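Remarks on the structure that follows.
The figures that follow rest on heavy atoms only: side chains count, while hydrogens, waters and symmetry mates do not. Since the model is a prediction, treat every value here as computed from it, not as a measurement.
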Amino acid sequence: QVSFGWPHCALGAMAPRKAKGAAAAGEAAATPQEAVVEHTAAVPTDSAVVAIAPMGALFFEDLQGLLSLIAAEAEGGEPAPDLAALVSELLPEQHEDLWRRVLLVAGTHLANPGGLVLDAEGKPADEETSRTVQAVAALLAAFAEGALNESNLELPPSFAEAALQCQDLLLSIPSAETQTLIARAFEKICLGGFNKREDYYGGLLMLLVCRCLGPMQTNADVERLYHFRDLIGELDWEHESIEGMKINLM
């Protein structure tokens with residue numbers, strides 16, 4: 001399996017993408033409590049308890065709950081939970097609920113690329129936005145590795161929307177670590193044969209090209225790009241969002 005470790009590199013902004021999903025359409029989003037009722041109402045009481053229990057830290061109700069997923073012990077908080085372990089315990093019917101709540105509590109920050117801009121001291125303009133994007137990226141990577149299953153090639157709709165919003169932000173993220181987490185999720189989607197995987201080809205290839213054009217590029221970087229070479233022909237080269245890649249390839 002290919003692993004990613006790309007540093008940040010600005011290649012130009014991705015084209016604005018019209019938001020999708022219930023939140024973008026103006027539909028009322030379910031509260032976490034309503035979501036639990038929705039997922040458990042059709043099962044016996046004993047089964048309902050089992051269905052909710054594995055959520056643990058993933059059953060957050062607000063932004064602070066989401067941010068606690070990446071809480072650092074050094075900052076005085078509790079040790080960050082093992083996201084991979086938590087995600088692997090989720091039942092399939094809990095997947096969409098999780099990502100619907102992610103979009104509910106983090107949506108404002110995922111639509112705020114300006115909050116990621118670093119000031120003269122190297123600090124993000126909006127620290128909360130930076131931490132939120134980091135948390136969503138960590139959850140994306142953990143979910144892709146621990147929950148996506150090729151026996152079901154349909155991505156949870158809200159997961160797909162969160163991944164697309166992260167792709168829109170990808171080249172604005174100054175943290176190489178956060179970029180890498182998002183790239184790991186894209187890699188799993190693109191290699192796994194999931195439906196609508198082509199929506200993520202652009203983000204994956206932009207990072208690969210960025211790495212190969214960087215001053216610290218290695219033979220391994222070139223091998224990664226070669227590994228995904230077939231995706232290049234799948235891009236829409238007439239779309240305005242591809243201009244940044246065209247310029248850097250010339």
Side-chain angles (χ1 to χ4, degrees), residues 2-20 70 102-103 106-120 122-141 144 159-190 196-218 220-222 224-225 227-229 231-232 234-250:
V2 181
S3 60
F4 293 87
W6 302 301
H8 172 66
C9 177
L11 289 177
M14 300 284 280
R17 181 182 51 78
K18 185 176 181 179
K20 296 181 288 186
I70 58 167
V102 170
L103 293 177
T108 301
H109 293 290
L110 293 178
N112 181 28
L116 299 171
V117 177
L118 300 181
D119 61 20
K123 297 180 179 179
D126 187 330
E127 179 63 32
E128 189 171 74
T129 290
S130 178
R131 292 179 61 216
T132 299
V133 172
Q134 181 186 357
V136 174
L139 192 53
L140 275 177
F159 167 80
E161 174 61 19
L164 285 171
Q165 289 193 26
C166 285
Q167 179 170 244
D168 289 345
L169 288 175
L170 194 54
L171 300 179
S172 302
I173 298 173
S175 167
E177 178 183 0
T178 301
Q179 285 185 326
T180 298
L181 289 169
I182 296 171
R184 281 169 48 192
F186 290 172
E187 177 195 53
K188 177 63 179 287
I189 294 169
C190 293
K196 297 187 178 181
R197 60 191 178 279
E198 63 275 7
D199 290 347
Y200 309 94
Y201 290 170
L204 184 58
L205 288 171
M206 287 289 269
L207 283 176
L208 287 166
V209 170
C210 172
R211 179 64 175 183
C212 289
L213 291 175
M216 303 299 290
Q217 65 98 354
T218 65
D221 299 324
V222 178
R224 291 187 184 103
L225 181 57
H227 182 79
F228 288 99
R229 66 192 182 281
L231 301 187
I232 295 176
E234 300 296 326
L235 296 177
D236 181 0
W237 291 96
E238 299 303 318
H239 196 277
E240 61 181 6
S241 66
I242 211 73
E243 290 302 314
M245 185 179 290
K246 287 181 180 178
I247 293 172
N248 282 276
L249 289 175
M250 292 177 62

Calculate, to the nearest 0.5 Å, the distance between atoms CG and CG belonging to L225 and L204 respectively. 9.5 Å
If I take atom OG1 from residue T178 and atom CD1 from residue I70, how far apart are they, to the nearest 0.5 angstrom? 7.5 Å
Between S172 and P113, what is the shortest heavy-atom contact and its length? OG-CB, 4.2 Å
Any side-chain heavy-atom pair of L116 and T129 under 4.5 Å: yes
Got a donor-acceptor contact below 3.5 angstrom from the Q167 side chain to the D199 backbone? yes
For a 4.5 angstrom cut-off between non-hydrogen side-chain atoms, does L213 reach V209? yes
For R197 against I189, the heavy-atom pair lying closest together: CB-O, 3.7 Å
Would you say the side chain of L103 lies within less than 4.5 Å of the side chain of Q165, judging by non-hydrogen atoms? yes
Shortest non-hydrogen pair, C166 vs I182, comes out as CB-CD1, 3.8 Å
Taken to the nearest 0.5 Å, the spacing of L140 CG from L181 CG works out to 9.0 Å
Restricting to non-hydrogen atoms, name the atom on G115 and the atom on P124 that form the minimum distance, rounded to 0.1 Å. O-CB, 3.7 Å
Could you state the interatomic distance from CG (L208) to CD (E187), rounded to the nearest 0.5 Å? 9.0 Å
Short question: side chain of Q179, backbone of L171 - any donor-acceptor pair under 3.5 Å? no
CG of L205 to OH of Y200, rounded to nearest 0.5 Å, is 15.0 Å
